[in-house]
Enquirer: 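First the structure, then my questions, so here it is.
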Amino acid sequence: MILREIADLLDAKVLAGEKHLGVEVKTAFSADLMSDVLAFAKPGSIMITGLTNPQIVRIASIVDNSAILIVRGKIPPDETITLAEELDIPILSTKYILFETSGRLYANGIVGCIRKIEGPGSVVPL
Amino acid sequence: MSREYEVSFPVKGDNFEDAGKVSVEIKRLLKGHGITGDILRRAAIATYESEVNIISYAQQGNINVRVTDDSISINIQDRGPGITDIEQAMKQGYSTANDRIREMGFGAGMGLFNIKNCSDSFEILSEINKGTLLKILINR
């Protein structure tokens, strides 16, 4: 899907990077934990998140996300949008929740940028 | 032409607004010096996590990146509390982060683990109440 189709599908507002709406997206990574985005997101994937601070744009630039899709109807602060224009990262915002957003994209052919974690996975001590 | 290149940036502790700024700049510079693909990505991710660590825990720090023909070495030196138990700090999920760090999407105990995963060699030297030195090496 191209970003414009994603925006239409999710009734999303385009908040930055209007000129990149023709970019094709094949994979996605959903997370509210930016360390997980750094650890697992792959180049070209769209980042789906509920966070809105400028960090999301810097992280997207580091891991070469094709765009950021903000869920739950959140609108990021101006700093985030300005930085996104500066670093050339499109931002879309949809009112759908993270689960619905991910499910709707998956139903339309977007897959996870990885399927599952290799190795033993995270162990969180009590 | 030699591919040797070195750059250093100071990072101020507690400056959450600018977290990641230095790492984005370092990635841009490395790219300009012909570093690409997986190597660039690993260097950028390791630098980002380290920068967030300085901002989250130390008073101030410095990120030094040195590129040679065969490697990228990234040294992160901070003046801060140091790490009491390095083995525990390395464990996934272990964290001493406060709410401010967590609001930013960090502080889940993935940082040092991520850095190690991005490195070909990774060393932590820490002294309590003085500071911490992370030595990251990525082979080209």
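A, B, ... follow the sequence lines: proteins, then strands. Residue 1 opens every chain.
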Enquirer: For each of N53(A), I62(A), L51(A), tally heavy-atom pairs with chain B at distances under 4.5 Å, and name the one with the top tally.
Expert: I62(A)

Enquirer: Would a single hydrophobic cluster contain both I81(A) and V57(A), if residues Ile, Leu, Val, Met, Phe, Trp and Tyr are joined by side-chain heavy-atom contacts under 4.5 Å?
Expert: yes

Enquirer: Counting only heavy atoms not in D11(A) (residues, nucleotides, ligands), do more than 12 fall under 6.0 Å from its CG?
Expert: no

Enquirer: Do Y96(A) and M1(A) belong together in a cluster built from hydrophobic side chains that touch within less than 4.5 Å?
Expert: yes

Enquirer: With a 4.5 angstrom heavy-atom cut-off, is it the side chain or the backbone of A41(A) that approaches chain B, or both, or neither?
Expert: backbone

Enquirer: If you count heavy atoms of other groups shown closer than 6.0 angstrom to CZ of R72(A), is the number above 12?
Expert: yes

Enquirer: Distance from D32(A) atom CG to E103(B) atom CD, nearest 0.5 Å?
Expert: 12.5 Å

Enquirer: Looking at every non-hydrogen atom in both residues, tell me the closest pair between S35(A) and N114(B) and how far apart they are.
Expert: O-ND2, 2.9 Å

Enquirer: According to a hydrophobic-cluster definition based on side-chain heavy atoms being under 4.5 Å apart (Ile, Leu, Val, Met, Phe, Trp, Tyr only), do F122(B) and I45(B) belong together?
Expert: yes

Enquirer: Does atom CD of E87(B) have more than 12 heavy-atom neighbours, drawn from other residues, nucleotides or ligands, at distances under 6.0 Å?
Expert: no

Enquirer: Examine distances only and state if a side-chain atom of R58(A) and a backbone atom of A19(B) form a donor-acceptor pair shorter than 3.5 Å.
Expert: yes

Enquirer: Dump the intermediate steps for side chain to side chain contact (heavy atoms under 4.5 Å, CB included) on F106(B) and L38(A), then the final yes or no.
Expert: CA-CA 10 Å; F106(B) 288 91; L38(A) 284 176; 4.1 Å; yes

Enquirer: Can you tell which part of F16(B) gets under 4.5 Å to a heavy atom of chain A, answering side chain, backbone, both or neither?
Expert: backbone

Enquirer: Does some side-chain heavy atom of D64(A) sit less than 4.5 Å from a side-chain heavy atom of K27(B)?
Expert: yes

Enquirer: Check whether any side-chain heavy atom of P54(A) sits under 4.5 Å from a side-chain heavy atom of E17(B), and report yes or no.
Expert: no

Enquirer: Between NZ of K21(B) and CD of Q55(A), what distance do you get to the nearest 0.5 Å?
Expert: 10.5 Å

Enquirer: Establish whether L98(A) and I46(A) are linked, either directly or via other cluster members, by ILVMFWY side-chain heavy-atom contacts under 4.5 Å.
Expert: yes

Enquirer: Heavy-atom distance under 4.5 Å to chain B: side chain of I59(A), backbone, both or neither?
Expert: both

Enquirer: When clusters are formed by joining ILVMFWY residues with side-chain heavy atoms under 4.5 Å apart, either directly or through shared neighbours, do I75(A) and L83(A) land in the same one?
Expert: yes

